[in-house]
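A short worksheet on the structure shown next.
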Amino acid sequence: MHKCNKSLLAPYQRRWLSPAAAGAAAICGGAFLAACASSCGGSQASPKASDVTALPATYQVVYRVETSHGSSSQQSWEVLTQSGPFDVSDLVYRSDPRSGADPSTGTVSSFDHLYELAGGRLTLVSDRQPGPGSGAPGAGVEVAELAQRRIAAIKGRSAAAGEPCTVVRFGEPPVGPITAPNGSGTDDICIDRSGLEAHEAWTYHGRVVLERTAVEVRVGSSDSAIHGAPALSTAQTSGAPAILKVTERPDQINAPQSYLATPPAPAGFTAQPVATTIAFSPSDPSQVTDLSTIWSFSDGGAVITVEAGQGQLPWSPGDTPSGALELKGLGRAALALRSDGPEVRIELDQNRWVRVRGTVPPVQLSRYASELALAGR
């Protein structure tokens with residue numbers, strides 16, 4: 001699904017897969033310095049790797065999107081809106097949304113649900129694990145680590161929509177796990193100081209096949225002229241078998257019985273409702289593959305989640321380059337880098353595992369993961 005042997009008009013749709021529904025939240029990019037030099041302005045200063053440390057709690061970005069396939073090209077518009085740390089809509093428009101056009105397709109994420117928009121109707125696709133919404137950016141918090149591991153490179157500075165940004169070059173659009181360049185193309189994302197994508201342009205085999213440029217950026221507000229998705233209360237159900245069931249427990253912050261001691265709230269973060277999840281096999285929805293408890297914490301737009309699970313591992317050991325860690329409380333761990341933020345993975349034994357995810361710099365996430373401990377210890 002994520003690789004370049006698919007239609008070159010498809011990358012835009014990859015953004016709409018949530019971790020709950022398909023294991024990834026997507027961001028795209030490309031050859032920014034070549035494609036944007038004349039249109040975006042700015043300078044190409046000496047590269048410097050620096051992480052975004054504070055993501056905005058609410059924002060709205062309007063993008064103009066150009067895709068090409070062979071001799072044909074197509075223009076569309078995208079509006080990415082975050083109204084809270086877990087609440088994100090990523091909507092596509094056929095014409096400029098600032099003129100009052102209605103969205104044609106897209107996704108809407110809430111704390112524990114994922115919805116799809118099509119034909120003017122909103123459909124509940126599935127439950128989803130608490131975390132950043134589908135389409136929300138997350139790579140900005142791990143720029144320094146990406147550069148240090150040579151998974152990505154810092155190429156310089158530029159600007160779009162009046163915002164200065166840092167150009168980060170990947171080998172291909174980072175969707176879920178971030179992999180090292182493979183030689184088939186370049187994928188540059190210009191990330192502004194808030195962690196938002198100001199521009200992207202994906203070059204595949206020497207040709208720019210996708211360019212996405214922010215034309216309006218609002219932090220802390222939204223454009224009243226833009227029509228969003230229908231209200232969540234109007235959503236219909238898909239009728240498809242559930243592959244994930246998430247149950248909120250709003251009346252208790254302490255988790256139900258778990259082998260993991262209740263995680264403390266990270267400094268400055270607020271605890272959210274604890275959730276329990278049941279994952280089912282996509283090939284046999286009657287078969288449970290794993291059970292888990294998820295503690296969620298938020299601070300403005302930053303999110304940290306701790307998942308203690310039993311059953312099948314929710315990751316593949318070789319799906320992304322990982323660095324080894326030794327945690328004070330839980331022992332040996334691995335740090336993986338994903339497009340939706342870093343992830344600390346701890347495999348306790350054949351049947352128990354812990355996953356700590358966050359939209360905070362890897363050093364901060366690793367330090368917090370080291371505070372976790374098994375129950376009774």
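- Contact of the Leu80 side chain with the Pro137 side chain is registered, since non-hydrogen atoms from C-beta on lie closer than 4.5 Å.
- Formation of a donor-acceptor pair under 3.5 Å by the Ser370 side chain with backbone atoms of Lys328 is found in this model.
- A donor-acceptor pair under 3.5 Å links the side-chain atoms of Gln82 to the main chain of Ala57, judged by distance alone.
- For the atom pair Arg64 CZ and Glu66 CD, the distance stands at 6.5 Å (nearest 0.5 Å).
- The main-chain N or O of Gly341 is never found under 3.5 Å from a side-chain atom of Thr359 such that the two would form a donor-acceptor pair.
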Residue pair Asp127, His113: steps toward the side-chain contact (heavy atoms from CB on, under 4.5 Å) verdict: CA-CA 4 Å; Asp127 289 2; His113 290 95; 3.3 Å; yes
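- Of the N and O atoms on the side chains of Gln272 and Ser298, at least one donor lies less than 3.5 Å from an acceptor on the other residue.
- Put simply, Val175 and Trp315 are part of two different groups of oily side chains (I, L, V, M, F, W, Y) that touch within less than 4.5 Å, one to the next.
- Residues Ile154 and Phe170 are members of one and the same hydrophobic cluster, defined by side-chain heavy-atom contacts under 4.5 angstrom among Ile, Leu, Val, Met, Phe, Trp and Tyr.
- Between Val303 and Pro85, the shortest heavy-atom distance links the atoms CG2-CB, 3.6 Å.
- Following chains of ILVMFWY side-chain contacts shorter than 4.5 Å, one can reach Val61 starting from Val219, so the two form part of one hydrophobic cluster.
- For the residue pair Thr123 / Ser238, no side-chain donor-acceptor distance below 3.5 Å is found, with atom types taken as modelled.
- The stretch residues 286-310 participates, sequence neighbours left out, in these salt bridge (Lys or Arg N to Asp or Glu O under 4.0 Å) pairs: Glu307-Arg355.
- Side chain of Thr81 to main chain of Ser89: no donor-acceptor pair is present (N/O by atom type, distance under 3.5 Å, no hydrogens or angles).
- Residue-environment remark: CZ (Arg352) exceeds the threshold of 12 foreign heavy atoms within 6.0 Å.
- In this structure the side chain of Tyr204 reaches within 4.5 angstrom of the side chain of Ser184, judged on heavy atoms.
- In plain terms, the two heavy atoms of Leu124 and Leu114 that are nearest each other are CD1-O, 3.6 Å.
- With values rounded to the nearest 0.5 angstrom, Asp96 atom CG is found 4.0 Å from Trp77 atom CH2.
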Step by step, work out the side-chain contact (heavy atoms from CB on, under 4.5 Å) result for Leu335 and Arg149. CA-CA 12 Å; Leu335 174 66; Arg149 295 194 196 180; 3.6 Å; yes
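- With rounding to the nearest 0.5 angstrom, the CZ atom of Arg212 is 8.5 Å from the CD1 atom of Ile189.
- Side-chain atoms of Leu374 and Leu348, non-hydrogen and from C-beta on, do get closer than 4.5 Å to each other.
- Between Gly162 and Pro164, the shortest heavy-atom contact is O-CD, 3.9 Å.
- Between Val274 and Thr293 the shortest side-chain heavy-atom distance falls below 4.5 Å.
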Is there a side-chain contact (heavy atoms from CB on, under 4.5 Å) between Ser258 and Trp295? Walk through the geometry before answering. CA-CA 11 Å; Ser258 173; Trp295 296 263; 3.8 Å; yes
Please determine whether side-chain contact (heavy atoms from CB on, under 4.5 Å) holds for the pair His199 and Glu211, giving the CA-CA distance in whole Å, both sets of side-chain angles, and the decisive distance to 0.1 Å. CA-CA 8 Å; His199 183 275; Glu211 186 172 5; 2.9 Å; yes
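- By the 4.5 Å heavy-atom criterion applied to side chains, Gln129 and Thr305 are not counted as neighbours.
- At least one side-chain heavy atom of Glu142 sits less than 4.5 Å from a side-chain heavy atom of Ile178.
- Remark: the backbone N or O of Ala231 is paired with a side-chain donor or acceptor of Thr234 at under 3.5 angstrom.
- Side chains of Tyr368 and Val306 form a contact here, defined as non-hydrogen atoms less than 4.5 Å apart.
- Put simply, CD1 on Ile294 and OG1 on Thr276 are 9.0 Å apart, with the number rounded to the nearest 0.5 Å.
- Taking a 6.0 Å sphere around CD of Gln350, one finds it holds 12 or fewer heavy atoms contributed by other residues, nucleotides or ligands.
- Separating the CG atom in Leu196 from the OH atom in Tyr63 is a distance of 6.0 Å, to the nearest 0.5 Å.
- Panel note: side chain Tyr115, backbone Gln236; no donor-acceptor pair is recorded below 3.5 Å.
- Nearest heavy-atom pair across Val88 and Ala136 is CG2-CB, 4.2 Å.
- Ser339 approaches Pro174 most closely through the heavy-atom pair CB-O, 3.3 Å.
- The closest side-chain heavy-atom distance from Val62 to Pro97 is below 4.5 Å.
- Between Arg338 and Pro177 the shortest heavy-atom distance is NH1-CD, 3.7 Å.
- Hydrophobic clustering keeps Leu291 apart from Leu260 (ILVMFWY residues linked when any side-chain heavy atoms are closer than 4.5 Å, directly or through intermediates).
- Neither Leu244 nor Trp353 shares a network with the other; the hydrophobic side chains, linked directly or stepwise wherever heavy atoms of I, L, V, M, F, W or Y lie under 4.5 Å apart, form separate groups for each.
- With Ser72 contributing its side chain and His69 its backbone, the two residues share a donor-acceptor pair below 3.5 Å.
- In terms of modelled atom types and a separation under 3.5 Å, the side chain of Arg332 and the main chain of Glu347 share no donor-acceptor contact.
- For the atom pair CD (Gln310) and CG (Asn351), the distance works out to 6.0 Å, reported to the nearest 0.5 Å.
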